[in-house]
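Here is the structure we will look at.
Residue numbers begin at 1 in each chain, while the letters A, B, ... track the order of the sequences.
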Amino acid sequence: MTNLSVDLPGLKLKNPVMPASGCFGFGREYSEFYDLSQLGAIIMKAATGEERYGNNTPRVAETASGMLNAIGLQNPGVEKIIANEVPFLAGYEVPIIANVAGRTTEEYVKIASTFYKTKAVNAFELNISCPNVKKGGIQFGTDPDMAADVTAKVKAASNLPVYVKLSPNVSDITAVAKAVEQAGADGLSMINTLTGMQMDLSGRRPLLANQTGGLSGQAIKPIAIRMIYEVKQHVSIPIIGMGGISAAEDVLEFLLAGASAVAIGTANFQNPYVCLEIIGELPHVLQKYGFDSVSAAIGRGHYAA
Amino acid sequence: MTNLSVDLPGLKLKNPVMPASGCFGFGREYSEFYDLSQLGAIIMKAATGEERYGNNTPRVAETASGMLNAIGLQNPGVEKIIANEVPFLAGYEVPIIANVAGRTTEEYVKIASTFYKTKAVNAFELNISCPNVKKGGIQFGTDPDMAADVTAKVKAASNLPVYVKLSPNVSDITAVAKAVEQAGADGLSMINTLTGMQMDLSGRRPLLANQTGGLSGQAIKPIAIRMIYEVKQHVSIPIIGMGGISAAEDVLEFLLAGASAVAIGTANFQNPYVCLEIIGELPHVLQKYGFDSVSAAIGRGHYAA
Amino acid sequence: MMKRVEMTVASVREIGRDTFEMILQNAYIACNAKPGQFLHLLVDSRTLRRPISIASINQENDAVTILFKITGNGTKWLSACQPGVTLDAIGPAGNGFSYDEATMETALLIGGGIGIPPLYGLGKELSKKGIHIKTILGFQSKEYVFYEGMFQEFGKTYVVTNDGSYGNQGFVTSVLDQVGNFDRYFSCGPIPMLKAVTNKLSDHQGSISLEARMGCGVGACFACVIPTDSEGGYRKICSDGPVFAADEVML
Amino acid sequence: MMKRVEMTVASVREIGRDTFEMILQNAYIACNAKPGQFLHLLVDSRTLRRPISIASINQENDAVTILFKITGNGTKWLSACQPGVTLDAIGPAGNGFSYDEATMETALLIGGGIGIPPLYGLGKELSKKGIHIKTILGFQSKEYVFYEGMFQEFGKTYVVTNDGSYGNQGFVTSVLDQVGNFDRYFSCGPIPMLKAVTNKLSDHQGSISLEARMGCGVGACFACVIPTDSEGGYRKICSDGPVFAADEVML
Ligand SMILES: Cc1cc2nc3c(=O)[nH]c(=O)nc-3n(C[C@H](O)[C@H](O)[C@H](O)COP(=O)(O)OP(=O)(O)OC[C@H]3O[C@@H](n4cnc5c(N)ncnc54)[C@H](O)[C@@H]3O)c2cc1C
Ligand SMILES: Cc1cc2nc3c(=O)[nH]c(=O)nc-3n(C[C@H](O)[C@H](O)[C@H](O)COP(=O)(O)OP(=O)(O)OC[C@H]3O[C@@H](n4cnc5c(N)ncnc54)[C@H](O)[C@@H]3O)c2cc1C
Ligand SMILES: Cc1cc2nc3c(=O)[nH]c(=O)nc-3n(C[C@H](O)[C@H](O)[C@H](O)COP(=O)(O)O)c2cc1C
Ligand SMILES: Cc1cc2nc3c(=O)[nH]c(=O)nc-3n(C[C@H](O)[C@H](O)[C@H](O)COP(=O)(O)O)c2cc1C
Ligand code: FES
Ligand code: FES
């Protein structure tokens, strides 16, 4: 039997596959397709301090092997998420990770402590990398000092593990990774989307109402793999890898590059069963390439001569 | 008649389409497919001060809607390019742009002056963005001060126009663009490739011998469009746009975003006639979207309400 | 309940310029679909599925009909699918038209261009229930006209074209004065048309069906929201709609 | 001269495990191709074309044969192409085998796995010229063996399999001692095999055909270089090769 389980700080995963934040809502919709208990974990849509409406529409566009989105962190706010969404997810045997997004450090801390007080979730994914909001988000993610500061403060606000979600829109992602590791991050989550744009030829303007959007999907996989491979050489905290995963082979590629678990975003839109199917395929793919467990594959792309 | 001509500093282009550096060699091979005089201009493969062998193989890998390359600037060196390659290209009615790549500022200057002395070329594309060499290249492209310095020195070495080729692997491409504009750049060329990686699952290591490679092709078009749109708002020198162009509609998308001309790289590999076919299609596409000249479309994606 | 299913193309034919009618077979969809719901179709392995309305339902043949116009690569690919090919679809998606039969003697259907398809299935349903139907169909120009005869079977049908090359010249709203009395209207088409219609008919009850660029198509990604009157309120077009009461959302 | 052409699939059949023989029709290619040259095939609109050797040429039928093994998505797609489908190819690409007929009485062909195809066309050509041919073919195991009979028509043919499930057990070099005299050898296969062959036969003249991951396939991008002995020297496999003299490049 191939052992798919992975132990991460604060998270015992029966397998390394989880839906990525923002691509799975709060689980309800996909629970109509399959039993969510089969997932390794669930990362919820970003939570902000107050309810947010987000950007105007159009909010998505299709690109070659990918898509752009500029949702703008629409969500009901941390209180309502705890009241209306978490209880539903708590009905499943699956760790819950809250994606936390603030405009200010104080907002990040407030959201985290609210989740913590109610014992609602198992870990945080600190979203310092959303490219689609005017304030907060990516601002924190491009500056190592700001990233470290918000990490330290959120760490201090609870004793839940904090995975910091890094932005790929930077000259030196390793610098940010090292800074948040030193600030106490328990793990990294990478990558968020790359800032992109599509022009509406007839409208003679950017197609998305927000002008720019975050590029995700298979198109960005090579960038994700490169960044994870690079960061892995410089940090010792585990990495949750994501960016363009749509098959079990992709999961192995992320593991070899240095990820300890993976998240799947965009591919859910094409195939609502993709997480489940990948979990089913993974043992065969691991076997095919000579691994009898997920753990055995983690970081193994670094050792060959 | 749709007017395809574009006037750029030092370059009178009969149409805005040129092959991108490194994807067209020095023109010989593609001259067997069509008459190179039909092109707007030709950007040659990078020239270095001395002959370079480049990286080990494998040097290319395919990705979703794109490819990775790590050629490593293999070229015969500026002297041999002038002796053996330029005379061939000079036989065509087409402006020649030399892509200049150094390890040091001195090397950049030396290459440029050598070209200048022999009146071999019409303009320079200053490659401060090659991700595939250990020294030089991208080092210059990620730091606005270094980028400005090498631009100023190359400008001083000749009176040929200098187009600085920017790297997309940066947190703030506008900062670099503004710095080189102030240093005297006549234009910008953007974007070079994004640093990426692919794992070889069987080999358990990066597939490319150089580990990382530059991501090009349709996958990166949304990033190119975003960066050009952003930079266009902050500089007044013209932009040669590139990144994922494979059809005449793509050219219009780049023009609307703010490019004054375009270069086509990776698509030549799939279709050796792609530049020619796009030049043929462009008048129809411009007409379809209500433009009677290329000039009329440049930057027009910025004005809509 | 929505499922992912394989649907077999039974036929495809051009019924107007760039406009195709395709019959797709799948028992589950045919059994469970309601007028106004849509299929979320995988086209050519592209990243995003394409939402296409179910235009009519034929339970006896386990089939549904879709009508679509080529507006890009996805619909172009779809139009080239040959009979026998299977398509990957999620459906029936969204909520269909709802209405109170008891209070409705006459219904007015107002469709613009490729917004017309869902109204056809609705017309068939209403017609069967003995409800009197009037229809206004708007097209760009003559070559694009389709399904006029099909709607005529339900009742009086007005066709308008923007350029006057067929029927009345103008917009669907141009003939609203001529249609006489009705109890409720159902409309689907481009947003400017829906705005004009809901404004002009603000004293009537009505249902509108909306389009939006979608990500997931199942309610998970917040791509397709439309604001409601209340502060910060919104609906998701894919899962709360695509059919809404005319005064429920802000166009 | 290389051209971009449309080639029509005339037939495709599995001739060994995961190994396919495909006949492609195009008069220009059939007329101009030489053994050792390759086709650069567009597969499934992917970014990079796939280089596949021309395995044999049939000018009377305007056809060439290719043999390929499924090793990834591109070759998988290719294997599923039905007769009648047209493929976009650039060819004939690269340089074929060259040799001096006058000084060659006996030729030894040494092929490993999917390196065997170009040797078949060469064998046909040499055979027609009355040159005596011996062949060594190496495969992973029995299920992968193909074209043994075809080579036997040229002359004595030795088959080795790595696991010994068919013919001799071992590598192609294991039977080199048994083949007796020959004037020149021609070899194609994986790099480790070519290294072993050229080492063992360093006292013979030989030609080897090489593989490399390619970008352009026409000599423009420097993706496919291989170093030569001299300082900084190199050859491009796509345009200077794929066939080289055994001592021309450094494996
Ligand atoms: C609920 C609903 C029902 C629909 N029913 C029909 C129908 O019955 N017949 C029909 O012809 N069209 C219908 N549409 C519109 C149809 O979805 C688009 O025409 C189609 O997605 C265009 O795809 P494409 O690849 O051809 O165009 P492209 O422009 O290449 O598509 C690029 C992306 O934009 C999206 N997109 C482009 N135009 C639209 C649009 N108008 N609405 C939503 N997404 C769009 C595509 O889905 C895709 O993600 C409906 C849309 C919705 C939301
Ligand atoms: C001159 C030449 C002649 C060849 N002749 C034959 C032949 O007659 N029969 C045959 O079966 N194979 C032949 N090959 C190998 C063939 O090109 C690869 O098997 C094929 O490209 C794999 O494509 P894929 O999409 O199935 O694999 P993938 O692994 O999905 O391909 C991904 C990328 O890697 C490249 N690639 C992968 N393996 C190879 C390889 N071994 N050589 C070159 N590129 C590779 C592909 O072209 C593509 O760009 C030849 C290669 C060369 C260079
Ligand atoms: C529609 C959409 C919404 C997203 N919303 C969020 C979000 O709220 N918080 C977050 O951290 N990441 C968000 N992301 C980013 C994804 O979690 C993921 O990092 C990224 O999409 C790359 O993975 P993928 O290629 O598998 O989609 C969103 C992505 C998409 C496509
Ligand atoms: C094989 C290859 C070699 C390249 N070599 C160079 C080079 O020598 N100098 C340079 O400035 N850019 C080089 N580039 C980058 C291209 O010029 C271009 O900026 C990039 O590929 C994006 O355009 P595309 O998507 O159309 O290929 C190379 C790209 C490829 C694919
Ligand atoms: S399309 Fe995802 S919520 Fe409607
Ligand atoms: S593949 Fe481009 S030079 Fe050989």
Electrostatic pair A:Glu32-C:Arg4, nearest N-O below 4.0 angstrom:
no

Whether C:Arg50 and A:Glu62 form a salt bridge (side-chain N of Lys/Arg under 4.0 Å from carboxylate O of Asp/Glu) is what I want to check.
yes

Please state whether the side chain, the backbone, both or neither of [X] comes within less than 4.5 Å of a heavy atom of chain C.
X: A:Phe24; value: backbone
X: A:Thr63; value: backbone
X: A:Thr57; value: side chain
X: A:Leu208; value: neither

Pairwise distance [atom1]([X]) to [atom2]([Y]) - rounded to 0.5 angstrom:
X: C:Cys221; Y: A:Asn69; atom1: SG; atom2: CG; answer: 8.0 Å
X: A:Asn271; Y: C:Ser45; atom1: CG; atom2: OG; answer: 11.5 Å
X: A:Phe269; Y: C:Thr47; atom1: CZ; atom2: OG1; answer: 10.5 Å

Shortest non-hydrogen contact between [X] and [Y], atoms and distance:
X: C:Ala220; Y: A:Cys23; value: CB-O, 4.5 Å
X: C:Phe222; Y: A:Arg59; value: O-NH1, 2.6 Å
X: A:Gln270; Y: C:Leu42; value: CG-CD1, 3.3 Å

Using heavy-atom distances under 4.5 Å, tell me whether C:Met2 contacts chain A through its side chain, its backbone, both, or neither.
both

Region of C:Ala212 in contact with chain A, defined by heavy-atom distances below 4.5 Å
neither

Please report the C-alpha distance between C:Ile90 and A:Phe33 in whole Å, then the side-chain angles of each, then the deciding distance to 0.1 Å, and finally whether the side-chain contact (heavy atoms from CB on, under 4.5 Å) criterion is met.
CA-CA 11 Å; C:Ile90 297 177; A:Phe33 291 103; 4.1 Å; yes

